[in-house]
Amino acid sequence: MEITYLRLIEEKREALWIGQQDFSGIFNQAGATPGASAYGPIEHLSYIKERRGEKIVAVESGSQKLLGWIGLFPDRDEGGLFYNLAGIEVHADFRGRGIGAGLMEEAGKYIQRHKTARLKFGTSPLLTHCAALFVTRFGTRYRWKEGVRISDGRPWPYVSCECDFDDPLFKPLDLRDEEVGRRSVLDWEGSKPAARKGIVFSGPLAVVLPSLSALELAEAVGSETGFLETLYSVFESLVMHGYGFAWFDRTVLAGVPRFYYVMNRLMAL
Ligand SMILES: CC(C)(COP(=O)(O)OP(=O)(O)OC[C@H]1O[C@@H](n2cnc3c(N)ncnc32)[C@H](O)[C@@H]1OP(=O)(O)O)[C@@H](O)C(=O)NCCC(=O)NCCS
């Protein structure tokens, strides 16, 4: 399938978005920016436009069927100009085919033409599909954000993220694939996480996770008592010991495909 990427605002193609009859496959689970996430798809485009941003869409070249989108708008911080990532979502039937990576690449080209290489956003480190895209593929830096809670008061593991297209994070070499199981601070009994006892906080450590999309995560949170609390406390305890997110990767442990963060005592992230 041939894919074209379009800048809806710059290329005056907004009608393609506004004219959609059905957004159900395409605008469902995106972690849009706070505030914007409560908007519907049409309001989301206005939200971005009001902030002089851009919505880049992936379409099937011939039919112009919408396959995915990424929202961007500029902002400033102590480091100067950057762009906010205001959501990214690929149509549920077309994931895992490189469209998310294509949208990120297009976002990188767009923001670099607008005089910055930095993209900032927030997400949950529990979303492994997102980490595979953002960290493994684009070298995004994750920084733990303490004290985030969901509406019922349960703790929500959350990270502030910065993707610097000019200066991506690289895979550290100090945790070999075969050491991941031994260096993990977390064990899984089926779909139940359990913090490992007697961890020595020295050298690289790993947080091993099963594959978790937004839907799989919602299911696990609903069915496993203490799921969020355990995972939050595992990350929190690493952070208290001076650890930060150094990398994200995949492996196979005891025949089961797993994902893992490499956690290093590095204050520089
Ligand atoms: C996150 C999302 C945008 C990724 O889009 P995608 O088109 O599926 O991603 P890609 O096919 O480009 O894959 C990017 C990387 O993620 C990995 N990946 C994609 N789907 C995966 C899956 N189901 N399991 C494990 N890894 C996966 C790919 O292997 C790829 O890594 P690689 O280049 O090293 O092979 C998509 O899953 C999505 O829309 N999710 C719902 C919305 C959402 O969660 N938005 C982000 C909120 S922060």
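In each ligand, atom 1 is the first atom listed, and ligand 1 is the first ligand listed.
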> Provide the number and element of each atom of ligand 1 under 4.0 Å from a heavy atom of G98.
10 (P), 11 (O), 12 (O)
> Show your working on ring-ring contact (aromatic ring centres under 6.0 Å, His included) between F248 and Y142 and close with a plain yes or no.
CA-CA 10 Å; F248 180 83; Y142 275 17; 7.9 Å; no
> Would you tell me which option among E105, R95, E216, R97 has the nearest heavy-atom contact to atom 40 (N) of ligand 1?
R95
> Would you mind running through ligand 1 and noting each atom that sits below 4.0 Å from a heavy atom of C130?
1 (C), 44 (O), 46 (C), 47 (C), 48 (S)
> Atom OG of S124 and atom CZ of F235: how far apart are they, to the nearest 0.5 Å?
7.5 Å
> Between R183 and E178, does any NZ, NE, NH1 or NH2 come within less than 4.0 Å of an OD or OE carboxylate oxygen?
no
> Going by the order shown, which atoms of ligand 1 are within less than 4.0 Å of some heavy atom of A132?
16 (O), 17 (C)
> Give yes if a backbone or side-chain nitrogen or oxygen of R250 is under 3.5 Å from a nitrogen or oxygen of ligand 1, and no if not.
yes
> How about F201 and S237: do any of their side-chain heavy atoms sit closer than 4.5 Å?
yes
> Taking N or O atoms only and a 3.5 Å limit, does G100 qualify as a polar contact for ligand 1?
yes
> Could you check M1 against R97 for side chain to side chain contact (heavy atoms under 4.5 Å, CB included), going step by step and ending with a plain yes or no?
CA-CA 10 Å; M1 184 173 47; R97 303 183 188 191; 3.7 Å; yes
> Within a distance under 4.0 Å of any heavy atom of A101, pick out the atoms of ligand 1 and give their elements.
12 (O)
> Side chain, backbone, both or neither: which part of E89 has a heavy atom under 4.0 Å from ligand 1?
both
> Is a salt bridge present between D77 and K120, judged by a nitrogen-to-oxygen distance below 4.0 Å?
yes
> Would you say L127 has any N or O atom under 3.5 Å from an N or O of ligand 1, going by distance alone?
no
> Check ligand 1 against T123 and write out every atom of the ligand that is under 4.0 Å from a heavy-atom position of the residue.
48 (S)
> For I88 and ligand 1, does the shortest N/O to N/O distance drop below 3.5 Å?
yes
> Between R113 and E10, is the closest basic N to carboxylate O distance under 4.0 Å?
yes
> Considering distance alone, does some N or O of R137 sit under 3.5 Å from an N or O of ligand 1?
yes
> Are any of the side-chain heavy atoms of E106 and I70 separated by less than 4.5 Å?
no
> Has R7 got its NZ or CZ under 6.0 Å from the middle of the six-membered ring of Y5, at an angle within 45 degrees of the ring axis?
no
> Checking contacts here: is it the side chain or the backbone of F121 that comes within 4.0 Å of ligand 1, counting heavy atoms only? Could be both or neither.
neither
> Please confirm whether F94 comes within less than 3.5 Å of ligand 1 when only nitrogen or oxygen atoms on both sides are compared.
no
